[in-house]
Amino acid sequence: MFVAAFSEQEQRDLAEKLISHLSTYRHISDSYIIEFFSESLWDTLPVSWQDALEIKDRRYPSVWPLSLLALRTAAHALSFPHKAPGGHSQDTGAASSLLGHIFRKHVKPKKQHEIRQLGTLVKKLCDQANCKCVVDVGSGQGHLTRFLSFGLGLDVTGIEADPNLVSMATKFDRQLLLTLAKENQKSGNAQSLHSPRHVVGWVNPKASWDVFIQQLGVIATESDSIGATTGSIEKKQQVEELHLEPHSCQTKAEELQNALPTQKTAINTLDSVAQINNWVFPSGMTTEMLTCKTVPVNDCGAKQPGSFVLTGLHACGDLSSTLLCHFANCPHVQVITSVACCYMKISTKENPNPPGLFQPPFSSDTVADSCSEYGYPMSDWVRGLPGHQLSYKAREGACHALEDYLHHLREECGLLRTHCYRAILESIIRAERPDMRRPGVQTVRKAHALSFVEYACLAWPRVGLPADLPFDPVSVDAMLAHQGKVVAYFSLVLLLAPVVETLVLLDRMIFLQERGFQSKLIPLFDAAFSPRNLVLVAVKPKEAQS
């Protein structure tokens with residue numbers, strides 16, 4: 001199930017090819033479809049492309065020119081595949097039918113699929129590494145942490161910046177525990193439960209790994225109450241020990257030793273990893289797992305925790321790159337499974353504060369020697385290649401659900417009409433307000449089922465214009481007649497989207513390679529459910545202990 005392993009040179013060669021390809025078609029990947037009319041995007045295409053893509057009656061009017069065929073062929077060849085060999089297997093059941101029902105509660109089908117697939121992979125990695133401790137970063141409402149803890153018996157700490165989401169997570173934990181308690185009373189059987197711990201905290205991408213480790217000791221108050229009221233005595237004592245003073249570095253580090261028990265036995269993958277299923281580690285991967293020894297902390301002279309597996313399900317923007325930095329630098333992170341999303345929120349040198357990027361208040365935890373100053377590029381190799389820059393728009397395009405778009409194309413779905421509507425709207429806005437460019441228009445519900453006049457009346461107030469703003473109906477009808485061209489152009493933009501995503505993920509693989517760590521990409525989820533389905537997995541070799 002793994003993508004074939006790349007040598008260091010193969011990774012570098014692929015990065016050069018990706019950048020060369022994207023540089024050639026940058027004018028397409030960087031364009032905004034809403035500017036189709038206002039910027040005359042169709043006229044930027046070669047005339048031979050225009051002639052070939054002006055589809056009528058579901059047929060191309062002429063044979064595609066070689067240059068257009070080359071674009072399509074290269075885009076497919078250079079992109080990481082999103083389908084696993086042989087397809088995706090069905091989800092396996094939880095530990096019991098009761099837990100299966102509980103895990104489906106509050107969880108949409110897409111998330112159910114993701115937590116089962118990723119949870120199963122994390123459990124396999126934990127078993128092979130002889131490590132029961134997992135840290136789930138960006139844990140949200142705790143769906144993955146509950147599956148790992150209650151369903152798979154792992155010792156899990158979830159860290160989430162939003163206290164409201166943490167509150168929901170602890171609420172759902174209590175509901176699950178109460179349901180299990182009732183079931184135990186009926187059956188007369190006692191179950192040993194591994195309750196998750198929840199941390200309220202923002203993972204600062206500029207902070208060192210030891211600050212991250214210290215964060216894991218600040219357990220949410222509601223989580224304490226769960227352990228105290230519904231967990232075992234041992235769990236209650238463990239949670240109470242983790243209720244730390246926020247400014248006591250020494251106390252944090254010492255008591256974290258209790259939170260994440262030290263693993264003292266190194267595991268040789270030549271013996272153990274070879275036993276794992278082929279879709280987790282191929283036979284060719286002959287490295288050794290890392291189990292970390294307790295080491296002193298320079299700042300406070302206390303002991304640090306043992307090894308753990310670091311995971312993040314759709315860690316947004318810079319969070320996913322930050323986790324890779326912690327994996328590379330922190331001696332206690334043994335394995336990482338990283339599922340990234342929201343590439344447009346990644347910081348770059350050209351755009352260090354992209355829209356949507358969370359900006360916390362100044363923190364004294366910020367360090368100057370952060371392993372990667374920006375979320376992209378992370379690797380020295382990609383950073384040194386001319387033309388490696390990826391615009392906000394290119395990265396935003398890489399987040400689209402291509403499978404949904406392909407379905408709409410095949411079905412000639414009316415939903416595609418909204419692209420043309422928004423482009424016409426932009427053209428009228430530019431004429432009315434030249435200073436207003438690409439204003440945010442909140443989604444108009446069922447826009448495809450509306451006429452343009454109805455759509456415009458709902459959209460104008462959302463950008464501060466009167467609902468009865470006049471416009472030339474003849475001009476609008478002329479633009480509506482080019483809806484097929486809008487769809488064709490946007491298809492070219494999305495054709496390049498997987499190439500952009502591949503470069504972002506390859507850069508992260510090279511970053512790990514430069515630091516001595518091999519990594520693999522798994523198309524773990526069904527792309528029809530979860531478009532961002534590539535999971536980056538890395539395991540530290542034994543020699544990394546020294």
>> Quick check on side chain to side chain contact (heavy atoms under 4.5 Å, CB included): which of Leu125, Leu323, Leu144, Val537 does Thr311 satisfy it with?
In response: Leu144
> Which pairs with one or both residues in residues 466-475 pass salt bridge (Lys or Arg N to Asp or Glu O under 4.0 Å), sequence neighbours excluded?
Replying inline: none
> With sequence neighbours left out, which residue pairs that include part of residues 23-49 fulfil the salt bridge (Lys or Arg N to Asp or Glu O under 4.0 Å) condition?
Replying inline: Glu35-Arg430, Glu35-Arg437, Glu35-Arg438, Glu39-Arg430, Glu39-Arg437
> Looking only at atom types and distance, does a side-chain atom of Arg532 sit under 3.5 Å from a main-chain N or O of Ala340, one as donor and one as acceptor?
Replying inline: no
>> His143 vs Phe147, test: ring pair (Phe, Tyr, Trp, His ring centres under 6.0 Å). Steps then yes/no.
In response: CA-CA 6 Å; His143 300 312; Phe147 182 65; over 10 Å; no
>> Can you tell me how the ring of His419 sits relative to the ring of Phe490, calling it parallel under 30°, perpendicular over 60° and tilted otherwise?
In response: tilted
> Honestly, is Lys206 close enough over Phe212, meaning NZ or CZ under 6.0 Å from the six-membered ring centre and within 45° of the axis?
Replying inline: no
> Can you check whether Leu458's main-chain N or O pairs, donor with acceptor, with Arg462's side chain at less than 3.5 Å?
Replying inline: yes
> Do Leu492 and Trp49 have side-chain heavy atoms sitting under 4.5 Å apart?
Replying inline: yes
> After noting the C-alpha distance and the side-chain angles of Leu154 and Cys126, does the key distance pass the side-chain contact (heavy atoms from CB on, under 4.5 Å) rule?
Replying inline: CA-CA 9 Å; Leu154 298 171; Cys126 285; 4.1 Å; yes
> Asp13 and side chain to side chain donor-acceptor pair (under 3.5 Å): which partner among Lys17, Gln11, Gln9?
Replying inline: Gln9
>> So for atom NZ, which belongs to Lys446, do other residues, nucleotides or ligands contribute more than 12 heavy atoms lying within a distance under 6.0 Å?
In response: no
> When you measure from the side chain of Arg422 to the backbone N and O of Ile34, does any donor-acceptor pair fall under 3.5 Å?
Replying inline: no
> Strictly by modelled atom types, are Tyr374 and Ser321 linked by a side-chain donor-acceptor pair under 3.5 Å?
Replying inline: no
> Any luck finding a side-chain donor-acceptor pair between Ser491 and Tyr405 under 3.5 Å?
Replying inline: yes
>> Assess the residue pair Phe452 and Phe471 against the criterion (ring pair (Phe, Tyr, Trp, His ring centres under 6.0 Å)); give the C-alpha distance rounded to whole Å, side-chain angles, the decisive distance to 0.1 Å, and a yes or no.
In response: CA-CA 11 Å; Phe452 177 78; Phe471 54 84; 5.6 Å; yes
> How are the rings of His113 and Phe525 set relative to one another: parallel (under 30°), tilted (30 to 60°) or perpendicular (over 60°)?
Replying inline: perpendicular
> Which heavy-atom pair separates Glu160 from Gly138 by the least distance, and what is that distance?
Replying inline: OE1-C, 3.5 Å
>> My understanding is that only one of Leu121, Leu118, Leu534 makes a side chain to side chain contact (heavy atoms under 4.5 Å, CB included) with Ile522; could you say which?
In response: Leu121
>> Within 45 degrees of the ring normal and closer than 6.0 Å to the centroid, is that where the cationic atom of Lys485 sits relative to Phe36?
In response: no
> Got Met509 and Phe80 here, is their nearest side-chain heavy-atom distance under 4.5 Å?
Replying inline: yes
> Which class fits the ring pair Trp64 and Tyr60: parallel under 30°, tilted 30 to 60°, perpendicular over 60°?
Replying inline: perpendicular
>> One pair to check against side-chain contact (heavy atoms from CB on, under 4.5 Å): Val493 and Ile33. What are the steps and the verdict?
In response: CA-CA 9 Å; Val493 174; Ile33 194 61; 5.6 Å; no
> Hey, does Leu495 have a side-chain heavy atom less than 4.5 Å from the side chain of His76?
Replying inline: yes
>> Among Ser320, Ser338, Ser519, which residue satisfies the side chain to side chain donor-acceptor pair (under 3.5 Å) criterion with Arg508?
In response: Ser320
> Under 3.5 Å, side chain of Asp507 to main-chain N/O of Met378, donor-acceptor pair present?
Replying inline: yes
>> Quick test of your reading of the model: are Glu501 and Arg395 salt-bridged, counting only N-O distances below 4.0 Å?
In response: no
> Considering residues, nucleotides and ligands other than Lys393, do more than 12 of their heavy atoms fall under 6.0 Å from its NZ?
Replying inline: yes
>> With a 4.5 Å cut-off on side-chain heavy atoms, are Leu496 and Leu71 touching?
In response: yes
